[in-house]
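Okay, so here's the structure we're looking at.
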There are 2 protein chains.
Amino acid sequence: MAASDPGELDFWSFVELANRRLAREYGFRHQLATELLLTLNRASNIVTYDLEASVHRPRGLSWSGFRLLFVTWLAGPLEAKKAAELTGMSRAAVSNLAKTLVSDGLLSREPGSRDGRSVLLSLTDEGHRDMVEVFRVHNEREDEWAGVLSPEEQRILIMLLDKLVTNRDQFDVRGRN
Amino acid sequence: MAASDPGELDFWSFVELANRRLAREYGFRHQLATELLLTLNRASNIVTYDLEASVHRPRGLSWSGFRLLFVTWLAGPLEAKKAAELTGMSRAAVSNLAKTLVSDGLLSREPGSRDGRSVLLSLTDEGHRDMVEVFRVHNEREDEWAGVLSPEEQRILIMLLDKLVTNRDQFDVRGRN
DNA sequence: TCACATTAGTTAACAGATGTACTAGTTTCA
DNA sequence: TGAAACTAGTACATCTGTTAACTAATGTGA
């Protein structure tokens, strides 16, 4: 049975259809896992896209640019390596991004004193002013999103998401670099 | 107080540090929202990266390529527009991606009969064989990830993620195109 | 019915991320 | 101490995705 009647196929009716076909026609067994990961992926993309489009792009920042400035703001000065870990980017991405942020005058890059190979990232005064200002808008927007859930629900969600990714040493996970 | 002692700054100690500084030094109020969205973003990225790197790249598929083939497999034949909605990509991305998947022989593209502007996407036989094979591995991997949580926890997580993004008509969200 | 607005898809220019290969500084240990 | 192994960061080529502009088909309403 092919998917006729695409009349009103939204995300959830697609998930339902997919579950049914994967189980009945192909005998796959882990529908709940598929559903969970589809939902996770989708939620993250929707929220991220909205924050980027409504808060950051209009102010000339990319999502990654914001994330790098954010960790540098609060945890800096810090080595590029550490910034890559905290943001989840590759070291190459941090390097590329830092280059443009430095030329925008938001980020400052100086050789590490302790380790001659490393580079210490920190915000310039302008970068600092920008972050305080941008984060004000960002944080309000975050609260609009999160506000759909009660604080208890938010805490449970955080806990479950954390559990999902921290118990992953049980199997061999592919991480960046 | 700057972040001295970067000795062991992992994700969670960063979140803790960020919360503290955002509240005490800058007076921002929505720490729980920030924590939720950071965690959501991170979880999605970690899982997605692992699936892409361990399952799809080795078989010559990008993550987006897999997603497009996946919805086409289970809901196809379907219009490019609908595929964009279901995968969360832009229409331009679907168009570009379809071009390469067609030339790889996995996807077939024919003019829609009902609407002369539209294009119907469906899998070729080869594409279908590939998907059944790839999804076998993908689904096992998904189950390894999800298996960290109990079925109840998985259901709660799905419910909360869904609630997070479906009640969003309460405010004005920026979506793709 | 015919002009106007809308919509589907494609294209082009561009921004950003990836992996690989490279340079240079640091650690290790024989 | 000195050679080999390792690590931090960068450069480069490539690939993907984004927006904006465009073409072509469809809908709409005086």
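Labels below follow one simple rule: chain letters A, B, ... track the order of the sequence lines, proteins then strands, and each chain is numbered from 1. Predicted model only: the values in this text are computed from it and were never measured.
Summary of the strand contacts: A:Arg114 and A:Thr100 both lie near DNA chain C, and taking for each the nucleotide with the nearest heavy atom, the more 5' one is attributed to A:Thr100.
For A:Tyr49, no side-chain nitrogen or oxygen approaches OP1 or OP2 of D:dG17 to under 4.0 Å. In this model, the phosphate group of D:dT18 is approached by a side-chain N or O of B:Ser90 to a distance below 4.0 Å at OP1 or OP2. Put simply, A:Lys99 has a side-chain N or O that comes within less than 4.0 Å of OP1 or OP2 on D:dA11.
Across the protein-nucleic acid pair, A:Leu107 atom CG and D:dG9 atom C1' stand 14 Å apart, rounded to whole Å. Residue B:Leu101 contributes atom CG, which lies 12 Å from atom C1' of D:dT16 at whole-angstrom precision. Straight-line distance from the CH2 atom of B:Trp63 to the P atom of D:dG17: 12 Å, rounded to whole Å. Taking atom CD on B:Glu52 and atom P on C:dT18, their separation rounds to 9 Å, with Å as the unit. At whole-Å resolution of the value, CG in B:Leu61 and P in D:dC15 are 15 Å apart. One can place CG of B:Asp50 at 15 Å from P of C:dT18, the figure rounded to the nearest angstrom. As rounded to whole Å, 18 Å separates atom C1' of D:dC15 from atom NE2 of B:His56. For the pair A:Met89 CE and D:dT10 P, the interatomic distance rounds to 14 Å; values are reported in whole Å.
Remark: B:Arg21 fails to qualify as a cation-pi partner of B:Tyr26 under the 6.0 Å distance and 45° angle criteria applied to the six-membered ring.
Evaluation of the ring-ring contact (aromatic ring centres under 6.0 Å, His included) rule for A:Phe135 yields A:Phe70, A:Trp73, A:His138, B:Phe28 as partners, not counting sequence neighbours. When the side chain to side chain donor-acceptor pair (under 3.5 Å) test is applied to B:Asn139, the partners found at least two apart in sequence or on another chain are A:Thr34, B:Glu142.
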In 5'-to-3' order, the base (B), backbone-only (S) or no-contact (-) status of each nucleotide in nucleotides 4-10 of chain C, using a 4.0 angstrom heavy-atom cut-off, is ---BBBB
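In this structure, A:Glu153 pairs ionically with B:Lys163, as a charged nitrogen and a carboxylate oxygen lie closer than 4.0 Å.
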| said: Checking A:His56 against A:Ser62 for the side chain to side chain contact (heavy atoms under 4.5 Å, CB included) test, could you report, in this order, the C-alpha distance in whole Å, the side-chain angles of both residues, the deciding distance, and whether it holds? | reply: CA-CA 6 Å; A:His56 300 295; A:Ser62 67; over 6 Å; no
Exercise for review: Show your reasoning for whether salt bridge (charged side-chain N to carboxylate O under 4.0 Å, His left out) applies to A:Glu79 and A:Lys82.
Suggested key: CA-CA 5 Å; A:Glu79 297 179 352; A:Lys82 189 49 92 177; over 6 Å; no
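Under the 3.5 Å distance criterion, the side-chain polar atoms of B:Thr87 are matched with a main-chain donor or acceptor of B:Ala83.
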